[in-house]
Undergrad: 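The structure's right below; bear with me while I get my questions together.
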Protein chains: 4
Amino acid sequence: MSVMNEKKSLSRAERQKIQLRTDIIETASAEFAERGYHQTSISDIAQRLGIGHGTFYRHFKNKRDILDHVIDDVSSKIANTLLNENAPGAVNSLDDYREQCLRISKQLANIVRDNPNTARLVLLEATSIDPEMTQRIMGFFDWAAKLVSAYMEHGVKLGFFREDLDAEATGHVIVGLIMTSALSFLRSPDDKAMQKRMADAVLRILVDGIGA
Amino acid sequence: MSVMNEKKSLSRAERQKIQLRTDIIETASAEFAERGYHQTSISDIAQRLGIGHGTFYRHFKNKRDILDHVIDDVSSKIANTLLNENAPGAVNSLDDYREQCLRISKQLANIVRDNPNTARLVLLEATSIDPEMTQRIMGFFDWAAKLVSAYMEHGVKLGFFREDLDAEATGHVIVGLIMTSALSFLRSPDDKAMQKRMADAVLRILVDGIGA
Amino acid sequence: MSVMNEKKSLSRAERQKIQLRTDIIETASAEFAERGYHQTSISDIAQRLGIGHGTFYRHFKNKRDILDHVIDDVSSKIANTLLNENAPGAVNSLDDYREQCLRISKQLANIVRDNPNTARLVLLEATSIDPEMTQRIMGFFDWAAKLVSAYMEHGVKLGFFREDLDAEATGHVIVGLIMTSALSFLRSPDDKAMQKRMADAVLRILVDGIGA
Amino acid sequence: MSVMNEKKSLSRAERQKIQLRTDIIETASAEFAERGYHQTSISDIAQRLGIGHGTFYRHFKNKRDILDHVIDDVSSKIANTLLNENAPGAVNSLDDYREQCLRISKQLANIVRDNPNTARLVLLEATSIDPEMTQRIMGFFDWAAKLVSAYMEHGVKLGFFREDLDAEATGHVIVGLIMTSALSFLRSPDDKAMQKRMADAVLRILVDGIGA
DNA sequence: GATGAATGAGGTTTCATTCAT
DNA sequence: AATGAATGAAACCTCATTCAT
């Protein structure tokens, strides 16, 4: 059997197993987001999926375990977006930067729009499970801040950002702004106008500040 | 006993009762923040206070009830700070505004520093209890955003903010920045240097943006 | 102080104490009947009376204790009625007997009408408290049955009851009929017509049976 | 496996489940009757059965729920007896009626003898649980009274009951007599002689009254 | 003597997890 | 491999009773 086939020719059973695993993660994510982690029982998830609740334990160690996987999922999704869309070398002017910001923010907006549950889970639920999870979420924010910092530094070096810009701190601030936008979206997912105004306000603040 | 004294001279029993009530709120707040709302049992709170757990129920209807009171407490504290420190008429230039921002942010920083538990509770725990509480927290943020918006509009009128500033959206963004700062503080409460850098970064962004 | 005065000249305090005791019994009786013994808390009784619930324990040993007193009250009331109204020697014919039955049943009906709560308490609640109380209620019924039996025997001796009448068993049956009537009253206290029909039906059965 | 067998051949698991359910009802019934509903905890029932108390909740929604099922059980048992044994058309004389009374009372006596717990539960406990349950018990008595009334009317029509018999009221009275007998049995289940005397006394009263 | 604050035993119920089928 | 019956830890909450004021 060729290497190429190895991935394709999973047995039907194996494919089903992987599919179920994915289904469980998605359903769990939805339930956790809708009802809250503590208010969701394993039975709730199983019932929604139409499987026996014992089956859950064939795929995940315990209730806490699945949360890790749910967070894994969304983390890598966001991380990929940021990494793919950010080509530091490609940005050579404030305008380029603005372009890139717009592009990234649209991507992130899409992720949030397509996965409101996971966004809600990360921003509203996950920080209350236990210290480890809180740490993880914070760590992810830190990672994102670091990434942003690198771009800040690049921009400072190239001279289209203020020379005295505190790249690290500003990175954190920008991540905070992104989360604020996401939160705002979650509050009124259908108010497109407000979403655009928020995005614009953030961008204008970043580029021009609020001063006259 | 004079009429004037009547209010001061609560009976010893009454004073003790009020004191215990306050103690319970504080202890509950601490436990909720440290271990999380769901991980904290009424017995935990009672034990830490050295009282019987039945005593708790003489002062609060149930577990959920005390959360409301804890949130009440911190809400009014923050609201008072914002209302007292903000004298819209007094701000007549960008410099005045910067001054006021510094003053308010210091006040808020103090609140967060003095009540890290409640801050942690509001920012990390409260949004996962139930929809009502989430709504309440969000509503509080909205209220703060409205307040900030009013100042933005004032500044626009007086001409020291950009004429095309979207006051409402910007209000939300600024509240988001404040929360980001608070969250940052909670992550490393002892890193004064970082706290100052964050505050500066926020202020600089607001005043100047990040552009060169 | 004369013997006569001893009863009259209780101190004000003593009179108040006795009054409160009576009030507690009455209120407890009402609450027990309305909400049920187990569903009624000492606080409920105290609150309804407008006294502190600690005060209760100055007058009664515990919750169970008051039930005994409530039952005492109603027992002696009923017992007195039966004893006073029944003058065995006075009944010398079936018609006399019918008269007496009517008289007694009216008296009992009055008691039940005036104390529906205690009736409800005895018939519906008291037998579920504990074996002792059940025993007591049953014992009271037995006592009443004995009393009735004596009259039966008297009537048999005088020849206006069947010679082969089983006085003891019939006594029990008649007490059962009385309780049935009382229960019927409790179900629809305002349906006077039905009450009369029940009383008539009982009387006719006793005197004539149901046969043609 | 044939289609016919499908209904009979419940899986072993299903049969066990139904068996346990029945066992729980019986044990609960016994405990409620022996110790009283309020004095019985779910743990008591579970312990007596040798199961974990959580298991109880897999079969019944809550403590109140099982009471309903227990009452369901006994209600339908009694109802069936009355309905099966009563063939209105078959009774055409007072003697026939006396025969039928004897037959029915024996059947009921058997039920009470075989299920003293449920009898005790219905007569002594159930009326103190809550208004709904009291209503239910009373409603059942009403239903039985209606049934008896129908027979009374039949007898009046055929002329072997008094023409002026108040069928409805008498129906209630007779149900009361039945309950009185049952109660008497519960007091001394082993005194067969007394039970016979009670039954005879009731029958004689019904047929002949007590007069000479 | 009256009060009501404090207490904790005791009860109900939920649900994550295990394991026999 | 899937199931769901069984389990009991653990939480919430009530309330009879005590006792200091």
Side-chain angles (χ1 to χ4, degrees), chain A residues 13-14 16-17 20 38-47 49-66, chain B residues 11-14 16-17 19-21 38-47 49-65, chain C residues 13-14 16-17 20 38-47 49-66, chain D residues 11-14 16-21 38-47 49-66:
Chain A
E14 278 167 322
Q16 273 190 336
K17 181 168 178 175
L20 180 50
H38 287 104
Q39 287 75 33
T40 301
S41 70
I42 298 295
S43 291
D44 288 333
I45 299 170
Q47 225 165 356
L49 264 171
I51 62 172
H53 68 272
T55 308
F56 174 92
Y57 288 91
R58 304 216 138 265
H59 296 268
F60 299 93
K61 219 174 60 206
N62 53 35
K63 188 181 176 183
R64 179 61 172 70
D65 187 31
I66 198 168
Chain B
S11 73
R12 190 172 144 66
E14 277 167 321
Q16 271 187 338
K17 184 169 180 172
Q19 180 58 48
L20 179 51
R21 214 189 123 87
H38 286 105
Q39 288 75 32
T40 301
S41 74
I42 299 297
S43 291
D44 288 333
I45 299 171
Q47 226 162 356
L49 265 169
I51 63 174
H53 72 270
T55 306
F56 173 92
Y57 289 94
R58 293 191 57 71
H59 296 267
F60 299 94
K61 222 173 61 211
N62 52 38
K63 190 181 174 182
R64 179 53 210 284
D65 188 32
Chain C
E14 278 167 321
Q16 272 188 337
K17 182 169 178 174
L20 180 51
H38 287 104
Q39 287 76 33
T40 301
S41 71
I42 298 295
S43 290
D44 288 332
I45 299 171
Q47 225 164 355
L49 264 171
I51 63 172
H53 68 271
T55 308
F56 174 92
Y57 287 91
R58 303 216 138 266
H59 297 268
F60 298 94
K61 217 173 62 205
N62 53 35
K63 188 182 175 182
R64 181 59 173 67
D65 186 32
I66 199 169
Chain D
S11 73
R12 191 172 144 67
E14 277 167 320
Q16 271 188 339
K17 185 169 180 173
I18 290 171
Q19 181 57 48
L20 180 51
R21 213 189 124 87
H38 287 106
Q39 286 76 30
T40 301
S41 73
I42 299 297
S43 291
D44 289 333
I45 298 171
Q47 227 162 357
L49 265 170
I51 62 173
H53 69 272
T55 306
F56 172 92
Y57 287 94
R58 293 191 56 72
H59 296 267
F60 299 94
K61 225 174 58 210
N62 52 37
K63 188 180 174 182
R64 179 53 209 286
D65 188 31
I66 199 171

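FYI, side chains are in, hydrogens and waters are out, and symmetry mates aren't considered; it's all heavy atoms of this structure. Throughout, protein chains are lettered first and strands after them, A, B, ... in sequence-line order, and every chain is numbered starting at 1.
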Undergrad: Calculate the interatomic distance between A:K63 atom NZ and E:dT18 atom P; express it in whole Å.
TA: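 To the nearest whole Å, that distance equals 15 Å.
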Undergrad: Using heavy-atom distances to pick each residue's nearest nucleotide on DNA chain F, tell me which of A:G52 and B:D44 is more 5'.
TA: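 Result: A:G52.
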Undergrad: Find the distance A:F60:CZ to E:dA16:P and express it as a whole number of Å.
TA: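 A:F60 atom CZ is separated from E:dA16 atom P by 15 Å.
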Undergrad: Tell me which nucleotide among F:dA5, E:dT18, F:dA2 gets nearest to the side chain of D:K17.
TA: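 Of the candidates, F:dA5 comes closest.
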Undergrad: What heavy-atom pair brings D:H53 and D:A46 nearest, and what distance separates the two atoms?
TA: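 So the minimum-distance heavy-atom pair works out to CA-CB, 3.5 Å.
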Undergrad: Atom CG of B:L49 and atom P of E:dG8: how far apart are they, to the nearest Å?
TA: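 These atoms are roughly 14 Å apart.
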Undergrad: Rounding to an integer number of Å, can you tell me how far D:E14 CD sits from E:dT21 P?
TA: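 After rounding, the reported distance stands at 16 Å.
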Undergrad: Could you tell me how far apart D:K61 (NZ) and E:dT12 (P) are, to the nearest whole angstrom?
TA: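 After rounding, the reported distance stands at 16 Å.
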Undergrad: Compare the minimum distances between each of E:dA2, E:dT13, E:dA6 and the side chain of B:L20, then state the nucleotide with the smallest one.
TA: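 Nearest nucleotide to the side chain: E:dA6.
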Undergrad: Below the 4.0 Å mark, does E:dT3 have OP1 or OP2 next to a side-chain nitrogen or oxygen of C:T55?
TA: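 Yes.
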Undergrad: Below 3.5 Å, does any donor atom in the side chain of A:R58 face an acceptor in the base of F:dA1, or the other way round?
TA: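 Between F:dA1 and A:R58, which were checked side chain against base, a qualifying N/O pair under 3.5 Å is absent.
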Undergrad: Provide the Watson-Crick or G-U wobble partner of E:dT21, both distances under 3.5 Å; none if there is no partner.
TA: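 F:dA2 - that is the nucleotide pairing with E:dT21, both distances being under 3.5 Å.
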Undergrad: Taking atom P of E:dG11 as reference, at what distance in whole Å does atom CZ of D:F56 sit?
TA: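 So the CZ-P distance, D:F56 to E:dG11, works out to 14 Å.
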Undergrad: Select one nucleotide: of E:dA16, E:dA6, F:dT17, the one nearest the side-chain heavy atoms of B:H59.
TA: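 Among E:dA16, E:dA6, F:dT17, the one nearest the side chain of B:H59 is E:dA6.
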Undergrad: Among F:dC12, F:dT3, E:dT7, which nucleotide has an atom closest to any side-chain atom of A:I51?
TA: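 Nearest listed nucleotide: F:dT3.
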Undergrad: Check if the side chain of C:H53 and the base of E:dA5 share a donor-acceptor pair of N or O atoms closer than 3.5 Å.
TA: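 Indeed, a donor on one side and an acceptor on the other fall under 3.5 Å apart.
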Undergrad: If you define the side chain from C-beta out and look only at heavy atoms, does anything of C:H59 sit under 4.5 Å from C:K17?
TA: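 Sidechains of C:K17 and C:H59: in contact.
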Undergrad: Tell me the interatomic distance from C:H38, atom NE2, to F:dC15, atom C1', rounded to whole angstroms.
TA: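 So the NE2-C1' distance, C:H38 to F:dC15, works out to 13 Å.
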Undergrad: Measure the spacing between CG of B:L20 and CD1 of B:I51 and express it to the nearest 0.5 Å.
TA: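 Reported to 0.5 Å precision, the distance equals 5.0 Å.
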Undergrad: Nearest heavy atom decides the nucleotide; on that basis, is D:G50 or B:T40 closer to the 5' end of DNA chain F?
TA: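 Its nearest nucleotide being more 5', the pick is D:G50.
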Undergrad: Indicate yes or no: at least one non-hydrogen side-chain atom of D:I42 is less than 4.5 angstrom from one of D:Y57.
TA: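 Counting from C-beta outward, D:I42 and D:Y57 do come under 4.5 Å.
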Undergrad: With a 4.5 Å cut-off on side-chain heavy atoms, are D:E14 and D:Q19 touching?
TA: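 Not touching, per the 4.5 Å side-chain cut-off.
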Undergrad: Counting only N and O atoms by type, is there a donor-acceptor contact under 3.5 Å from the side chain of D:K63 to the main-chain atoms of D:T40?
TA: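 A pair under 3.5 Å: yes.
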Undergrad: For A:G54 and D:Y57, find the nucleotide of DNA chain E closest to each by heavy atoms; which residue's nucleotide sits nearer the 5' end?
TA: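 With A:G54 and D:Y57 compared, the 5'-side residue is D:Y57.
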Undergrad: Starting at the 5' end of DNA chain E and moving along, which residue's nearest nucleotide shows up first, A:R64 or D:I42?
TA: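 Its nearest nucleotide being more 5', the pick is D:I42.
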Undergrad: Between E:dG10 atom P and D:Q39 atom CD, what is the distance in whole Å?
TA: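 Going from CD in D:Q39 over to P in E:dG10 covers 14 Å.
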Undergrad: May I ask you to say what A:S41 touches in the nucleic acid, namely base, sugar-phosphate or nothing, with a heavy-atom cut-off under 4.0 Å?
TA: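 The answer is sugar-phosphate, as A:S41 gets under 4.0 Å only of primed atoms, P, OP1 or OP2.
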